[in-house]
**Student:** 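Just passing along the structure, written as structure tokens.
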Amino acid sequence: MGVTIWEISFQRIHKKLKKPFVTSLQTVNEREAIIVTVVSDSGLEGFGECVAFSTPWYTEETVESCAFVMERVLKPLLLDKTLSSPHEVATAFTPVKGNNMAKAAIEMAVWDLFAKYEKVPLWQYIGGIHKDIPAGVVVAANHDRLVDDINLAASKDYSRIKIKITPESDVALLKGAISRYPDILFFADANGGFNKDSFDQLILFDDIGFRLIEQPFGEQEWDLHTQAKKQMKTPICLDESIKSFHDVERMIGMQAADIIVLKMGRFGGWHETLKIVELCRSNGIGMWVGGMIEFGVSKAHNLALASLPDIVLPGDFSDSRHFWEQDLIVPEIEVVGGKIELQQQAGIGYGVDLNKADL
Ligand code: OSB
Ligand code: MG
């Protein structure tokens with residue numbers, strides 16, 4: 001009994017972004033990804049997406065390193081194996097150190113496969129309850145376009161706007177722009193741009209009205225985050241620092257943050273993510289689902305995750321046409337009235353059309 005993994009294939013794709021995505025770390029003009037297709041003995045297909053970037057500017061892994069690890073190291077561990085639960089993928093991958101994004105891409109495809117095998121939507125398969133996921137967009141603008149971009153995002157009925165900040169951001173300008181929209185939640189994301197010397201500048205962001213400040217300091221700066229949490233009323237949220245269950249335990253032990261960003265790619269997939277969600281739930285840590293400029297396959301998995309009962313803060317969910325002229329999934333993701341409605345079909349609930357990608 002169970003699902004036998006008959007075939008695992010990889011398709012490398014790339015697409016130009018509609019407009020450059022500017023952060024303090026990198027400007028992204030084009031996005032590569034690897035779409036994973038897992039086929040069962042009964043002919044069912046599950047889909048995953050590798051979310052590593054082309055170069056290691058955000059995480060250590062790259063598209064190239066993942067292509068190697070997935071094809072040569074992970075695929076042989078799974079091929080022809082019969083699984084009774086998708087949790088067994090994480091166990092099969094334990095002999096391989098790190099390489100979480102490579103592991104996640106294959107693991108997520110197997111979870112899609114199991115939900116299809118059970119004939120239920122993936123969000124139901126993992127115990128999700130929310131059927132309309134609040135949409136959130138990211139404003140990653142240059143200083144001179146910041147206010148225009150905030151106004152534009154606000155006009156598109158997103159329930160949440162995340163703004164990239166640096167120690168040089170104009171605090172008064174931000175406060176003015178945000179105060180015009182009392183009904184929208186604003187997050188700030190520093191991508192680790194502050195340090196000990198700019199600690200006092202961070203404190204100035206406390207009065208702007210942000211719902212949270214994401215990753216003010218570098219990923220290993222646990223003490224600085226603890227200090228910021230102690231001194232600021234704005235909740236501190238960790239993104240880059242959180243790569244595993246153990247990192248969340250450490251964060252809780254050090255009181256380094258109130259909220260975390262869930263990124264399944266960085267955690268190694270569903271198994272580790274669901275463990276982390278339970279740990280956060282039982283410790284009163286807030287959670288939301290983060291994005292990394294992904295295509296629809298990854299977004300579909302992320303939408304299922306956001307359906308879990310304890311995830312109430314809006315995540316990085318914009319519509320397919322925000323980053324892309326055309327997405328790979330059918331139908332595309334669409335924001336209506338500030339929300340994205342989950343699909344009722346089995347698995348991730350979207351078809352995948354690789355003809356819509358540049359191969
Ligand atoms: O820090 O959340 C981040 C994109 C690439 C890498 C890191 C981050 C981001 C984003 C984009 O903020 C979120 C999205 O895909 O909507
Ligand atoms: Mg972030």
Side-chain angles (χ1 to χ4, degrees), residues 15 17-33 49-63 100-101 104 133-141 149-150 153 156 158-166 169 185-194 210-219 221 225 235-243 247 251 257 259-267 286-303 305-306 313-324 327 329 332-333 335 340:
K15 264 183 192 292
L17 271 72
K18 278 165 99 170
K19 62 172 194 196
F21 187 86
V22 183
T23 72
S24 54
L25 304 170
Q26 181 87 1
T27 296
V28 181
N29 294 296
E30 203 190 36
R31 185 71 165 106
E32 280 187 282
E49 176 178 328
C50 180
V51 297
F53 287 95
S54 306
T55 61
W57 66 271
Y58 186 63
T59 60
E60 291 88 342
E61 292 175 89
T62 64
V63 174
N100 282 350
M101 289 179 167
I133 306 302
V137 74
V138 182
V139 171
D149 278 16
I150 292 173
K156 289 190 178 161
Y158 282 105
S159 11
R160 184 223 74 178
I161 298 174
K162 180 170 102 175
I163 302 172
K164 296 286 186 184
I165 59 162
T166 70
S169 297
L185 280 181
F186 286 91
F187 295 180
D189 187 1
N191 286 114
F194 291 78
F210 285 122
R211 174 65 182 79
L212 57 85
I213 297 183
E214 187 186 337
Q215 198 72 41
F217 306 107
E219 57 184 72
E221 300 286 4
H225 285 112
I236 302 296
C237 170
L238 289 181
D239 180 14
E240 285 90 327
S241 294
I242 306 298
K243 300 184 172 105
D247 289 334
M251 180 196 97
I259 297 169
I260 66 163
V261 184
L262 299 170
K263 286 194 178 161
M264 276 197 274
R266 200 172 51 219
F267 301 166
M287 297 168 264
W288 54 277
V289 180
M292 291 177 50
I293 323 176
E294 297 124 302
F295 297 104
V297 174
S298 179
K299 286 285 177 207
H301 281 273
N302 283 342
L303 283 166
L305 176 61
L313 289 164
D316 289 332
F317 292 114
S318 41
D319 51 31
S320 288
R321 297 289 165 123
H322 179 72
F323 289 126
W324 319 115
D327 205 337
I329 52 167
E332 295 193 343
I333 292 166
V335 176
I340 298 165

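Whatever order the structure lists ligands and atoms in, that order sets their numbers, starting from 1. Note that these values count all heavy atoms, side chains included, but never hydrogens, waters or copies made by symmetry.
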**Student:** Does any non-hydrogen side-chain atom of Lys243 lie less than 4.5 Å from one of Lys263?
**Tutor:**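 In short, these two side chains do not touch, never coming nearer than 4.5 Å.
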**Student:** About how many Å separate NZ of Lys299 and CG of Asp319, when rounded to the nearest 0.5 Å?
**Tutor:**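 Reported value, rounded in 0.5 Å steps: 10.5 Å.
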**Student:** Would you compute the distance between atom CZ of Phe21 and atom NE2 of His322 and round it to the nearest 0.5 angstrom?
**Tutor:**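 If I round to the nearest 0.5 Å, the distance is 7.5 Å.
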**Student:** I need the contact type for Asn191 against ligand 1. Using non-hydrogen atoms and a strict under-4.0 Å cut-off, is it side chain, backbone, both or neither?
**Tutor:**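 Only the side chain of Asn191 comes within reach of ligand 1.
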**Student:** Please state which part of Phe317 comes within less than 4.0 Å of ligand 1, counting heavy atoms only: side chain, backbone, both or neither.
**Tutor:** neither
**Student:** Show me which atoms of ligand 1 lie under 4.0 Å from any heavy atom of Asp239.
**Tutor:**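 Matching atoms, with element in brackets: 1 (O), 2 (O), 3 (C).
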**Student:** State, yes or no, whether a side-chain contact exists between Phe317 and Ile333 at a heavy-atom distance under 4.5 Å.
**Tutor:** no
**Student:** With no hydrogens and no angle check, is any side-chain donor or acceptor of Asp189 less than 3.5 Å from a backbone partner on Asn191?
**Tutor:** yes
**Student:** I'd like to check Phe187 versus Val138 (side-chain heavy atoms, cut-off strictly below 4.5 Å). Are they in contact?
**Tutor:**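 A side-chain contact is absent here, since even the closest heavy-atom pair is not under 4.5 Å.
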**Student:** Salt-bridge test for Arg321 and Asp327: reply yes if a basic N is under 4.0 Å from a carboxylate O, no otherwise.
**Tutor:**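 Not counted as a salt bridge, because no side-chain N and carboxylate O are separated by less than 4.0 Å.
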**Student:** Ligand 1 and Trp57, any nitrogen or oxygen pair closer than 3.5 angstrom?
**Tutor:** no
**Student:** For ligand 1, note which part of Lys263 has a heavy atom under 4.0 Å away: side chain, backbone, both or neither.
**Tutor:**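 The side chain, only.
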**Student:** Below 4.0 angstrom from a heavy atom of Lys164, which ligand 1 atoms are there? Numbered from 1 as shown, please.
**Tutor:**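 Counting atoms of ligand 1 from 1, those under 4.0 Å from Lys164 are 1 (O), 2 (O), 3 (C), 8 (C), 9 (C), 10 (C), 12 (O).
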**Student:** Do the side chains of Ile260 and Met287 get nearer than 4.5 Å, heavy atoms only?
**Tutor:** yes
**Student:** Could you see which bit of Gln215 sits under 4.0 Å from ligand 1, with heavy atoms only: side chain, backbone, both or neither?
**Tutor:** neither
**Student:** Closer than 3.5 angstrom, by distance alone: can the side chain of Glu49 be matched with the main-chain N or O of Glu294 as a donor-acceptor pair?
**Tutor:**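 The answer is no, because no donor-acceptor pair under 3.5 Å joins these two groups.
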**Student:** Tell me which part of Ile293 gets within contact of ligand 1: side chain, backbone, both or neither, using heavy atoms under 4.0 Å.
**Tutor:** both
**Student:** From the options Phe187, Phe21, Phe53, select the one whose nearest heavy atom is closest to atom 10 (C) of ligand 1.
**Tutor:**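 It is Phe21 that holds the nearest heavy atom.
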**Student:** For ligand 1, note which part of Arg31 has a heavy atom under 4.0 Å away: side chain, backbone, both or neither.
**Tutor:**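 No part of Arg31 is near ligand 1 at this cut-off.
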**Student:** Provide the number and element of each atom of ligand 1 under 4.0 Å from a heavy atom of Met292.
**Tutor:**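 Numbered from 1, ligand 1 contributes 4 (C), 5 (C), 15 (O).
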**Student:** Given Asp316, Asn302, Ile163, identify the one with the heavy atom nearest to atom 16 (O) of ligand 1.
**Tutor:** Asp316
**Student:** Is the contact between Asp189 and ligand 1 made by the side chain, the backbone, both, or neither, using heavy atoms and a 4.0 Å cut-off?
**Tutor:** side chain
**Student:** Does NZ or CZ of Arg211 fall inside the cone over Trp288's six-membered ring, less than 6.0 Å from its centre and within 45° of the axis?
**Tutor:**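 Verdict for Trp288: no cation-pi partner in Arg211.
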**Student:** Less than 4.5 Å apart, side chain to side chain, heavy atoms only: is that true for Val297 and Ile329?
**Tutor:** yes
**Student:** Looking only at N, O or S atoms, find the one in Asp239 nearest to the Mg ion (ligand 2) and name it.
**Tutor:**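 Going through the N, O and S atoms of Asp239 one by one, OD2 ends up nearest to the Mg ion (ligand 2).
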**Student:** Using 0.5 Å steps for rounding, measure from the CD1 atom of Ile293 to the CD atom of Glu30.
**Tutor:**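 Nearest 0.5 Å value for the CD1-CD distance: 12.0 Å.
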**Student:** What atoms in ligand 1 come closer than 4.0 Å to a heavy atom of Lys299?
**Tutor:** 15 (O)
**Student:** Could you tell me if the side chain of Met101 sits less than 4.5 Å from the side chain of Met292, heavy atoms only?
**Tutor:** yes
**Student:** In Glu214, what N, O or S atom is nearest to the Mg ion (ligand 2), if we give its atom name?
**Tutor:** OE2
**Student:** Have a look at Asp189 and say which of its N, O or S atoms is nearest the Mg ion (ligand 2).
**Tutor:**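 Nearest N/O/S atom: OD2.
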**Student:** What do we get for Thr23 next to ligand 1 when only non-hydrogen atoms under 4.0 Å count, side chain, backbone, both or neither?
**Tutor:** neither
**Student:** Which protein heavy atom lies closest to atom 9 (C) of ligand 1, and at what distance to 0.1 Å?
**Tutor:**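 Answer for atom 9 (C) of ligand 1: Gly291 O, 3.7 Å.
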**Student:** Taking N or O atoms only and a 3.5 Å limit, does Lys162 qualify as a polar contact for ligand 1?
**Tutor:** yes
**Student:** Below 4.0 Å from any atom of ligand 1, is there a heavy atom belonging to His322?
**Tutor:** no
